[in-house]
Each structure stands twice: as C-alpha cells, then as structure tokens.
There are 2 protein chains.
Amino acid sequence: MKGKRLPAHGRLEPAFRRLASLVPLDEAAMEALIDAASHARQFKARSQLLAEGQPLRDPLLLLKGWAARTRVMEDGRRQIIEFVLPGDVVGHGCPTMPADAVTLVALTPVSLCIAPAPSVSSQLEAAYVHGRALNEAYLFGQIARLGRMNAHERLEDLCVELFDRLDLAGLTEKNGFAMPITQEIVADALGMTPVHVNRMVQQARQTRTLSWGGGVLTLHDADAMRRRVGRPRILPACMA
Amino acid sequence: MKGKRLPAHGRLEPAFRRLASLVPLDEAAMEALIDAASHARQFKARSQLLAEGQPLRDPLLLLKGWAARTRVMEDGRRQIIEFVLPGDVVGHGCPTMPADAVTLVALTPVSLCIAPAPSVSSQLEAAYVHGRALNEAYLFGQIARLGRMNAHERLEDLCVELFDRLDLAGLTEKNGFAMPITQEIVADALGMTPVHVNRMVQQARQTRTLSWGGGVLTLHDADAMRRRVGRPRILPACMA
DNA sequence: CGATCCATTGATTCTTATCAAAATAGGTGG
DNA sequence: CCACCTATTTTGATAAGAATCAATGGATCG
C-alpha cells in the first residue's frame with residue numbers, strides 16, 4: 001500500500017487523527033491502524049465493553065463513539081472515572097493486573113478495535129506514550145475537579161477538557177462539538193445529581209457561557225473559560 | 001555480594017519490602033535497590049520534590065516518609081491527587097511529557113533515590129508494572145471517593161486504602177499504622193475542610209470505628225470498614 | 001515563657017441533594 | 001402524519017450536608 005492511498009490528514013478517521021496529533025505517524029503506523037480498524041467491532045450504547053477486573057489481553061483503541069470507565073457502588077451510586085474518546089487507548093496499563101474494579105461501558109454506539117502493537121513503528125509507540133501521559137493528566141484533572149471545584153466550575157472545567165480532547169481528534173468545529181451524552185451521564189462524571197447539572201447548565205446558558213442543545217455543545221469563549229478554571233490547555237509535548 | 005548478606009524479609013527496608021510483596025525479587029534486583037538506596041537524598045517536610053510540569057529524567061523511588069502529588073489552584077485551594085508512600089515509584093509515566101500541572105511535595109521528612117532501571121531484573125520490572133497498576137487503581141479509588149462518597153465514607157475509605165498500602169510495605173501493626181500527617185492534609189486529600197475532617201474523626205471515634213492520636217491511627221475493624229466502603233482489598237495479582 | 005501549630009467546638013450560611021411533578025423531545029408503530 | 005410511549009430536561013419546594021467564620025484549648029519547641 002502506497003502513501004498516496006492514505007487519506008489526507010483533514011479527512012482522517014478521528015481516532016487516527018488524534019494519534020497523529022500526538023506524534024506524526026509514519027506509513028507503517030498508518031497501515032497498521034487501517035488494518036486494525038478493518039477488524040473493528042461495533043457495540044450498542046450501554047454495552048459493557050470490559051467487565052470489572054477482567055484482564056485485558058490486548059489494549060483496545062476506540063475508533064468511534066464515547067465510552068467511559070465507571071465504578072458502581074453497591075447501592076447504585078455510579079461514578080464515571082474517565083471518558084474514553086475516539087483515539088484513546090484502553091488497557092495499556094498492566095495486562096496481568098485486574099485489580100481495578102472498574103468497568104468500561106459504551107455511552108453511545110461505539111466502534112472498537114485492537115490497538116496495533118507499538119512495535120510496528122516507533123512513532124506509533126511514541127504516540128501511545130504521549131496518549132497515556134495525556135490520559136493521566138486528565139485523570140489528575142478529574143480529581144482536582146471533584147475535590148476542589150464547585151458545581152459551576154466543574155461543569156466548565158469538564159467542557160473545556162472535552163473540547164480540548166476532541167479537538168485533537170478533529171472532532172470540534174470552531175467552538176463547539178457533538179455532545180452525544182445526557183445530563184445524567186455528565187452528572188455521573190461530575191459527582192453531582194442530574195437535577196443540579198441541569199441547573200448549572202441553565203445558569204451557564206443565561207450567562208452566555210455555553211449553549212447545549214440538540215446534541216451540540218458550544219463554548220462561547222473557550223479561552224476565557226480555560227482561564228477561569230485555571231487550566232492551561234493540556235497539549236502533547238510535541239505541540240507545546 | 002551473596003544472598004546471605006541480604007537482610008531477612010521481615011527486616012527489609014519498607015520500600016523494598018513493598019516491591020518484594022508485589023513480585024518476589026531476585027538478588028540482582030535487591031542489589032540494585034540497595035545500591036540505589038545508598039545514594040538516597042533526604043528532604044525536609046514541605047519541600048517540593050518535583051515542580052509542576054518539570055520533566056523527570058529518572059523515575060524516583062520513595063524510601064521513607066510520605067509525599068503527595070498535589071495541584072494548587074490560583075486562589076489557593078489545594079487538592080492532593082495521590083499519596084506517595086514508601087516503595088512507590090514516581091515518574092514512570094512519560095519522561096517527555098510534562099503536561100501534568102502537578103507537584104510532588106514531601107508531607108514528612110522524606111528519603112528518595114533514583115529507581116533502579118527495570119532492565120536489571122525481570123522481577124524488578126514486573127514489580128514496577130504491578131506497582132503502576134496498583135497506583136492506577138488507587139487513583140480510580142480516589143475519584144470514586146471524591147465523586148460519590150460523603151464525608152464519613154471518604155474518611156473511612158481513605159483509612160482503608162492507607163492501611164492496605166502501608167501493609168504491603170510492612171508498615172502496619174495489627175490494625176494500626178503510623179499516621180504522620182495532619183487533619184489538614186487529610187482534608188486536602190478528601191476535598192473537605194479541616195474542620196469537617198475533624199468532625200468526621202470525632203464521629204468515627206465515638207462509634208469506635210477508629211482511633212487517631214499521637215501519630216497513630218488504628219482501625220478497630222478493618223474488614224468491616226472495608227466492607228462498608230464496598231472496597232475489596234486491592235492486592236497485586238500474585239497474592240490474589 | 002511566648003510563639004506556633006494543631007485539634008476542637010459552636011454558630012451560621014451556603015451549596016447541593018432529595019423529592020415530586022410537569023414539560024419537552026425523540027422514537028415507534030399504526 | 002398522528003398518537004403514544006419513553007427518556008430526558010426542566011421547575012419548584014424542602015432538607016441535609018459541608019463550608020465558613022470565629023474562638024478556645026493543648027501541645028510542642030526554641
């Protein structure tokens with residue numbers, strides 16, 4: 001397969017585009033990705049992609065749709081640990097260590113494939129490393145959000161994180177992006193009740209901070225918001 | 001150096017003992033650890049061990065004392081992302097990616113050394129992998145704690161986590177352990193105010209759930225507590 | 001002995017959860 | 001295209017949980 005046959009960067013599959021944003025990928029990497037994607041599997045929303053504590057043979061690459069790692073308590077309280085977006089790799093950590101007590105669920109219809117082995121290209125490996133580092137940073141962000149921000153700040157902070165993450169995959173347009181999840185799911189991520197999320201959304205709409213409707217979320221001033229939540233944009237090293 | 005010269009398991013340096021709990025270590029690993037520890041550096045409480053975003057040449061191994069990764073907001077709010085305890089390795093992630101916006105600070109006087117390269121022994125490498133996996137699980141635990149538990153549960157959950165983690169390093173006695181940090185620091189970890197932490201501690205004392213005083217924390221029934229917080233004990237794979 | 005840090009207590013306010021219900025949107029089959 | 005069903009969003013009223021403000025008491029350490 002020749003380079004000519006690869007799609008132009010602007011039209012890349014979002015998941016590939018995100019990886020290529022982290023580290024420019026060579027042809028070997030692209031071919032491996034395209035091959036892996038050709039064996040992708042589809043899952044319905046709400047399907048459990050990975051059971052709690054299930055050991056993971058191969059790391060998975062999310063191609064399309066949104067997923068989340070969640071933890072559910074006995075009484076039903078649910079916490080989303082992290083969102084998994086197109087281009088994210090899950091299960092890089094430790095194949096032998098199923099201690100996580102965390103489940104991977106599809107939040108929307110999802111397309112998944114096995115992540116090509118890092119050995120096919122050093123660029124691909126570097127992209128994985130950077131991806132892991134970014135995801136760790138997002139985890140830290142989630143902790144700070146839950147621990148030290150109020151409801152209003154949490155919502156803004158999450159919106160900015162989602163925007164920045166989706167932007168790496170080319171899944172944003174100007175100041176907005178497709179937001180395929182419900183307020184209830186946002187509540188599960190932010191450690192709040194759906195009712196309160198709704199109130200915060202109302203408030204943000206009134207202050208013209210954001211619009212959210214019809215499955216599209218728009219940040220009216222992403223930079224101002226980023227400043228307000230004290231979160232410098234998290235970028236991979238190669239773009240800093 | 002011969003095996004005979006190695007200290008008996010029961011008298012191992014806690015940091016080594018923790019690593020050895022994850023994966024039994026061979027002589028090469030032990031020697032590398034002992035050698036690394038001989039170049040350890042001491043730091044005072046509150047010293048900043050790693051500045052925000054500073055790239056990390058070599059991963060560090062904490063030998064003695066407690067540290068924490070923290071994030072501080074502009075207005076002074078502080079969140080402890082995770083505690084770093086003896087035997088924990090910091091900076092394994094991604095040497096090239098300083099996007100973290102997280103700082104490593106000593107909570108007590110601390111002794112640190114450069115973690116021996118995993119290449120010295122496959123057992124050591126495996127121990128690192130398991131250590132990373134455990135630490136990721138602790139991170140997830142922290143998120144669920146902050147997102148979905150009330151103040152009382154958070155305190156209990158953290159106590160159980162600390163107990164289990166210290167136990168791996170042999171730093172517990174029966175049901176208790178040395179607790180070298182203040183309620184204010186616990187508050188920073190639990191996303192609460194020091195005042196409220198204090199109230200929860202009072203309450204836990206009255207219900208004879210725990211004792212905390214004179215730098216020692218005792219869990220009167222760790223298993224019951226573990227059940228109450230719905231947290232199966234997190235163990236490395238080799239001990240499950 | 002003063003100074004400082006930490007733990008503790010009380011009074012009050014603010015935030016967020018909870019409960020209940022109405023309105024809206026989306027999807028399906030007729 | 002409509003009627004209907006279900007999921008989601010929205011609104012209101014109230015209660016619980018945690019923060020805030022303000023002090024006091026107890027240690028410990030030069």
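Below, read A as the first sequence line, B as the second, and so on, with proteins coming before strands; counting in each chain starts at 1.
Look at B:Q183 and you won't find any side-chain N or O under 4.0 angstrom from OP1 or OP2 of C:dC5. Between C:dA7 and B:Q202, no contact under 4.0 Å exists linking OP1 or OP2 to a side-chain N or O. Look at A:N150 and you won't find any side-chain N or O under 4.0 angstrom from OP1 or OP2 of C:dT15.
Residue contacts for A:G213: at a heavy-atom cut-off of 4.0 Å it reaches no nucleic acid atom on any strand shown. Looking at heavy-atom distances under 4.0 Å, B:T182 makes contact with sugar-phosphate atoms alone, never a base. Using a 4.0 Å heavy-atom distance criterion, B:V195 is classed as a base contact. B:R205 comes within 4.0 angstrom of the backbone, heavy atoms only, and of no base. Here A:R46 lies in heavy-atom contact (under 4.0 Å) with sugar-phosphate atoms only. Contacts of A:G214 with the nucleic acid, taken as non-hydrogen atoms under 4.0 Å apart, are absent.
Atoms CG (B:N198) and P (D:dT20) sit 16 Å apart, rounded to a whole Å. The distance between atom CG of B:L146 and atom P of C:dT16, rounded to the nearest whole Å, is 15 Å. Residue B:M200 contributes atom CE, which lies 13 Å from atom P of C:dT9 at whole-angstrom precision. When rounded to the nearest whole Å, the span between CE of B:M192 and P of C:dT8 equals 13 Å. When rounded to the nearest whole Å, the span between NE2 of A:H196 and C1' of D:dA18 equals 13 Å. In this entry the distance linking CD1 of A:I185 with C1' of D:dA7 reads 12 Å, nearest Å. When the P atom of C:dT16 is taken as reference, atom CZ of A:R77 falls 18 Å away, rounded to whole Å. Atoms CZ (B:R148) and P (D:dA18) sit 13 Å apart, rounded to a whole Å.
Nearest heavy-atom pair, A:A144 versus B:I81, reported as atom, atom and distance to 0.1 Å: N-CD1, 4.4 Å. Taking all atoms of both residues into account, the shortest heavy-atom contact from B:D188 to B:Q79 is O-NE2, 3.2 Å. Across every non-hydrogen atom of B:L62 and B:A67, the tightest pair is CD2-N, 4.2 Å.
The side chain of B:R199 approaches D:dA19 more closely than any other nucleotide in the set D:dA19, C:dA17, D:dA18.
For A:T193 and B:I181, each mapped to the nucleotide of DNA chain C holding its nearest heavy atom, the one lying further toward the 5' end belongs to B:I181.
Side-chain atoms of B:T172 and B:D167 include a donor-acceptor pair closer than 3.5 Å.
Within the cation-pi definition used here (under 6.0 Å to the ring centroid, within 45° of the axis), B:R69 does not qualify as a partner of A:F140.
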